[in-house]
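Quick notes on the structure that follows.
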Amino acid sequence: MADGSIAEQVRRRRTFAIISHPDAGKTTLTEKLLLFSGAIQIAGSVKARKASRHATSDWMEIEKQRGISVASSVMQMEYRGCVINLLDTPGHQDFSEDTYRVLTAVDAALMVIDAANGVEPQTRRLLQVCRARNTPILTFVNKMDREVQEPLALMDEIERELGMEVVPFTWPVGMGKRFHGVMDLREQRMRVFAPGEDRQRNDDEVLKGLNNPAYAERFGAEWTHAQHDIELLQHAAPAFDEAQFLAGHQTPMFFGSAINNFGVQEVLDALVDLAPPPSPRVAMQRTVKPEESKFSGVVFKIQANMDPAHRDRIAFVRVASGHFERGMRLKVVRSGKELRPNTVVSFLSQRRELLDEAFAGDIIGIPNHGVLQLGDTLTEGEALQYTGLPFFAPEMFRSVEVADPLRTKQLKAGLTQLGEEGAIQVFRPVAGSVLLLGAVGQLQFEVVAHRLEHEYGCKARVMPSRFQIARWVTCDDANGGAEELQRFIDANAHRVAYDAVDAPTLLVEYAPELRAIEANWPKIKFHALREHAGLVFQKKLEG
């Protein structure tokens, strides 16, 4: 394909993640964006756990039972001539690693704020990740049809807590039971609120003009209050600055009620109009432009058992450059192995479609049986290595044993696959046969136990572990490299384990113990964060 045609396809792409604190309405908004784009005809209820319908983006059995998202979902849709790749992320902090990795694969983020609760802890953490990557952010203030905070107070809190300028694109008239709608400040028209259904409404009433006398007649004191706010904003709010927005320093703000399909259309249009197309991505060797003719991509997520009947593993690949065609030869840069994938898929959550081609910004799924790992770079032959996929040292540990010894094989297979997808970190001790699980939060252990039982037919006993701190260990080649590292492992065999990519890891009970070991082994480096095996451990692997 000619480079000009590739460039035109790249310009059509919008790839973004939806982020929020739990229960802000993120998955509901995801569902309604799919509805308004025409990708689905009827929305699932996230909270109706016993109903036959569930959110399209919540496909795991445990998600349907609990009404929460515990894994990131990928959905592709077309709207107004653009191809939109939407990634719904878990809001719960116990699954923040999955969300952090997803944020490395997107060009923008849509932040959902609960209008009653304002800026919450997980929102701050996710924003820090976005700010570190200068990711452009749009803000949707949800649940305006409930008793909520004053809009000006919310705006001030977002600016103060997140350190970003806020530019209101819409403004609410009333709230709670007296929520009448939102004023589009740029188009100077008001969309009147009516409680929605799970189907799209096409008959919303729209009133035109900022000074339409009908507002005061119909909405009374709520309009008087909103009018005062709007006049204040016209003088005090900053003007929208595209460069500031693209740098992650300014966020457009929208108000609505996702559960009632209200305010969703404006957000969807803004994503097309404001969110950037794919941009150049930095590899260790060079900066790669999305419109280049040669394909390259990076594995940012692996999901096991999306189809339990086939025990499949899907590698989610963010296309970074070029034109992907089904059946083309690809090189796994880490291992040098060659792939020729013929069953590559695009997603509407768990519903898949075979795809024939993809371009920079698209998310494609490559079924494989352990050939691909998180962080792997795929190219047409060039030795590129994309960086930035984070793994954090676990903060909680458990040992795991199989309840039925005859199911040991299923336990190992299940933990291997769950470890590869990053759902939990699995450690094989150098001394001893009991596997260790490492996680950020308790809910991860519960999800893994549930999935082992229901997806792998293996009931596991998850028990307390004495370890509380983990650090990956490396040693520079200049300091004796492999020999010194092996000497360290041999001397500390009772507290060293290997993770899913065979990276050696020190496990200790207390911080003073870690400090003493660091002092005794000055040549060894101790890491609380690693990227994939190709970066932190590149020299070790080459050795």
Side-chain angles (χ1 to χ4, degrees), residues 15-20 26 57 60 69-75 85-111 122 125-135 137 278 281-283 296-304 306 313-320 334 347 349 361-366 368 372-378 385-395 417-426 438-441 443-444 447-448 472 499-501 503 527-537:
T15 304
F16 71 96
I18 299 190
I19 60 174
S20 79
K26 172 173 48 60
S57 56
M60 275 188 198
S69 298
V70 301
S72 302
S73 298
V74 177
M75 287 142 283
N85 295 285
L86 184 162
L87 289 83
D88 174 29
T89 62
H92 200 289
Q93 65 179 25
D94 286 10
F95 303 97
S96 53
E97 274 197 64
D98 195 26
T99 300
Y100 294 156
R101 287 193 282 266
V102 164
L103 288 173
T104 68
V106 300
D107 302 301
L110 174 57
M111 175 175 65
Q122 185 66 359
R125 278 189 285 269
L126 294 169
L127 257 293
Q128 287 171 359
V129 177
C130 291
R131 294 294 298 276
R133 302 180 61 84
N134 295 324
T135 303
I137 297 161
R281 296 179 76 83
V282 177
S296 68
V298 61
V299 178
F300 68 92
K301 173 180 172 62
I302 290 176
Q303 188 70 55
M306 288 189 74
R313 268 174 283 181
I314 303 288
F316 290 70
V317 177
R318 153 72 191 232
V319 180
R334 170 185 54 83
F347 300 95
S349 189
D362 286 341
I363 309 296
I364 62 175
I366 301 180
N368 73 105
L372 295 175
Q373 294 180 357
L374 285 169
D376 274 347
T377 299
L378 299 174
Q385 181 64 68
Y386 290 111
T387 64
L389 204 69
F391 291 81
F392 300 93
E395 298 171 10
Q417 292 189 18
L418 295 177
E420 285 174 357
E421 75 174 46
I424 201 157
Q425 295 192 48
V426 181
V440 175
L443 190 53
Q444 281 179 277
V447 169
V448 165
W472 287 284
D499 72 359
V501 296
H527 308 269
L529 170 73
R530 75 165 174 86
E531 295 192 358
H532 51 80
L535 185 60
V536 170
F537 300 103

**Fill in**
Interatomic distance, CD1@Ile366 vs CZ@Phe316, rounded to 0.5 Å, equals 11.5 Å
**Fill in**
By side chain to side chain donor-acceptor pair (under 3.5 Å), Arg281 pairs with (sequence neighbours left out) none
**Message:** I need the minimum non-hydrogen distance between Thr377 and Gln385, along with the two atoms involved.
**Reply:** OG1-NE2, 3.2 Å
**Complete:** Between Pro278 and Gly361 the two heavy atoms that sit nearest each other are CG-CA, 3.6 Å
**Message:** Within this structure, what is the CD1-CD1 distance for the pair Ile364 and Ile314, rounded to the nearest 0.5 Å?
**Reply:** 11.0 Å
**Message:** Less than 4.5 Å apart, side chain to side chain, heavy atoms only: is that true for Phe300 and Leu374?
**Reply:** no
**Asked** If you measure from CZ on Arg334 to CG on Asp376, what distance do you get to the nearest 0.5 Å?
**Response** 4.0 Å
**Under the side chain to side chain donor-acceptor pair (under 3.5 Å) test, residues paired with Thr135 that sit two or more places apart** = none
**Item:** Nearest heavy-atom neighbours spanning Gly375 and Val298
**Value:** O-CG2, 4.0 Å
**Prompt:** Can you name the nearest heavy-atom pair linking Ile302 to Leu372, along with the distance?
**Reply:** CD1-O, 3.2 Å
**Asked** Closest heavy-atom contact between Cys130 and Ile137?
**Response** CB-CD1, 3.8 Å
**Partner residues of Asp107 under the side chain to side chain donor-acceptor pair (under 3.5 Å) criterion, sequence neighbours left out** = Arg318
**Request:** Taking the side chain as every heavy atom from C-beta outward, state whether Thr15 and Leu87 have any pair of such atoms under 4.5 Å apart.
**Result:** yes
**Prompt:** With side chains defined as the heavy atoms from C-beta onward, is the minimum distance between Tyr386 and Thr104 less than 4.5 Å?
**Reply:** no
**Message:** Rounded to the nearest 0.5 Å, what separates atom CE in Met111 from atom CG in Leu127?
**Reply:** 5.0 Å
**Request:** For Ile424 and Gly438, work out which heavy atoms get closest and say how close.
**Result:** CG1-O, 3.2 Å
